[in-house]
Amino acid sequence: AQARPPGAREASLSQSGPSVSSLPSCFLSSDRDASRQVLAILYRGGEAAQQEPRLLGTIENQLGIRSWLESQGHEFIVSDDKEGPNSDFQKHIVDAEVLITTPFHPGYLTRDLVEKAKNLKLCVTAGVGSDHVDLNACVEKGIQVLEVTGSNVVSVAEHVVMSILLLVRNFVPAHEMIERGDWMVSEVARNAYDLEGKVVGTIGCGRIGYRVLQRLTPFNCKELLYFDYADLPPDAAKAISARRVADLKEMVAQCDIVTVNAPLHEGTRGLVNADLLKHFKKGAWLVNTARGAICDKDAVAAALKSGQINGYAGDVWNVQPAPKDHPWRTMKNPIGGGNGMVPHYSGTTLDAQARYAAGTKQIIENYFSDLPQEPANIIVGKGKYESKAYGQR
Ligand code: NAI
């Protein structure tokens, strides 16, 4: 039997069903001042979440923290309803002291909402990546922003390696052919290659980017390259024989495969645009599990359609959920393949959910107990950026 992750028992005892579940007033602490309001915007898990309590990031299973928060007398409001002025998110952000969001179903905390959030002191991203929060506005208002750093970096790195392989091997069209009942080897083999001997480069070589390159070393790639502000520590670079390229255009021009592993911020929004795509080797593959808005939607679709790139894969979209007519859902290369897009789930494996749920609880516990936070988790501290990941400031 599989080990139950932390929080699973609590999750199975928690309330489920309605989109908003708040603590009945009879259960509130009699000392109203001690009660703090925690608002969580999570994704709807539906039947899957009823059947699988380890789906902790859902409105049904509520990160497994409801009974813990309630036992302390706090009010916990959970919803997936996040868009528009009448949404639960916009209604409850006015009074919430702690906001929990996830990158998978992002509650977009815009500057306007920060202005309305008169009690907000702490934003916790259950996962990694806080670009859905207006970080500059939080700096100005003294609202802290923390992530569960490292909680899903292996999950994403594995997904990147899988996506690289499925593009290079032309896996998706081959599988679709089998489902259709067809069998025409040449149709799929005409665009299938080995990963061995190829040059792979990552834009951003932090926790995920490094782990991607590390996981590629047994494939005997020709070279592993990275573009980042900073050099890797010499022993880390040596361990994977990675070479830093200081100019992004120069790096992509050398790569058969480019993978994006940098956070979304002012310096990366639209970074992979029509101009940069022209510098890619013709027929290169591009994998982006970082953030949809780092790659220009229309420029990527056009580059794939023309064959300038041979494939695009990833799980992140601008915006989420992605509209039904988003071109990345159906775009193809000139011979009808090259699309490895999935919904945003690489960082929300059941293993990752156990880690980010436990990390979220720890951050809130530290906050309520006035204990110091893990420094690596702090994106925005009291009135200033603590992390360099969101741009050099
Ligand atoms: P990290 O902070 O460890 O590494 C990010 C790296 O990107 C740093 O080395 C930083 O210097 C670099 N960077 C920042 N701006 C850059 C720029 N303009 N050009 C080149 N490099 C730049 O972060 P980690 O854990 O590796 O995560 C990276 C991102 O991946 C997250 O911010 C998030 O957006 C995304 N992510 C996606 C997930 C998913 O489920 N698809 C899950 C987890 C993270």
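Numbers here simply count residues along the sequence, with the first being 1. Computed over heavy atoms, backbone and side chain alike; hydrogens, waters and symmetry mates excluded. Both counts, for ligands and for their atoms, begin at 1 and track the order of listing.
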With heavy atoms only and a cut-off of under 4.0 Å, state how Asp228 meets ligand 1: side chain, backbone, both or neither. both
So, Arg355 versus Ser155: side-chain donor-acceptor pair below 3.5 Å or not? yes
Which option wins on minimum heavy-atom distance to atom 6 (C) of ligand 1: Gly127, Gly206, Gly347? Gly206
Pick, from Leu271, Leu232, Ile208, Thr348, the option with the minimum heavy-atom distance to atom 44 (C) of ligand 1. Ile208
Any idea which part of His265 is under 4.0 Å from ligand 1, heavy-atom wise: side chain, backbone, both or neither? side chain
Does Tyr345 come within less than 4.0 Å of ligand 1, judged by its heavy atoms? no
Would you mind telling me if ligand 1 is within reach of the side chain of Thr268, the backbone, both or neither, using heavy atoms under 4.0 Å? side chain
Looking only at heavy atoms, is any part of Val316 under 4.0 Å from ligand 1, and if so is it the side chain, the backbone, or both, or is it neither? side chain
Under a 4.0 Å heavy-atom limit, does Asp315 contact ligand 1 with its side chain, its backbone, both, or neither? side chain
On a heavy-atom basis, I'd like to know which of Gly209, Pro263, Gly204 is closest to atom 5 (C) of ligand 1. Pro263
Please identify which of these residues, Lys121, Lys116, Arg36, Lys118, meets the salt bridge (Lys or Arg N to Asp or Glu O under 4.0 Å) condition with Asp95. Lys118
Measuring from the heavy atoms of Ser346, does anything fall under 4.0 Å of ligand 1? yes
Using a 4.0 Å heavy-atom threshold (strictly under), name the region of His344 that reaches ligand 1: side chain, backbone, both or neither. side chain
Would you kindly specify which portion of Arg291 sits under 4.0 Å from ligand 1, judged on non-hydrogen atoms: side chain, backbone, both or neither? side chain
Logged contact type for Val156 with ligand 1, heavy-atom cut-off 4.0 Å, is side chain
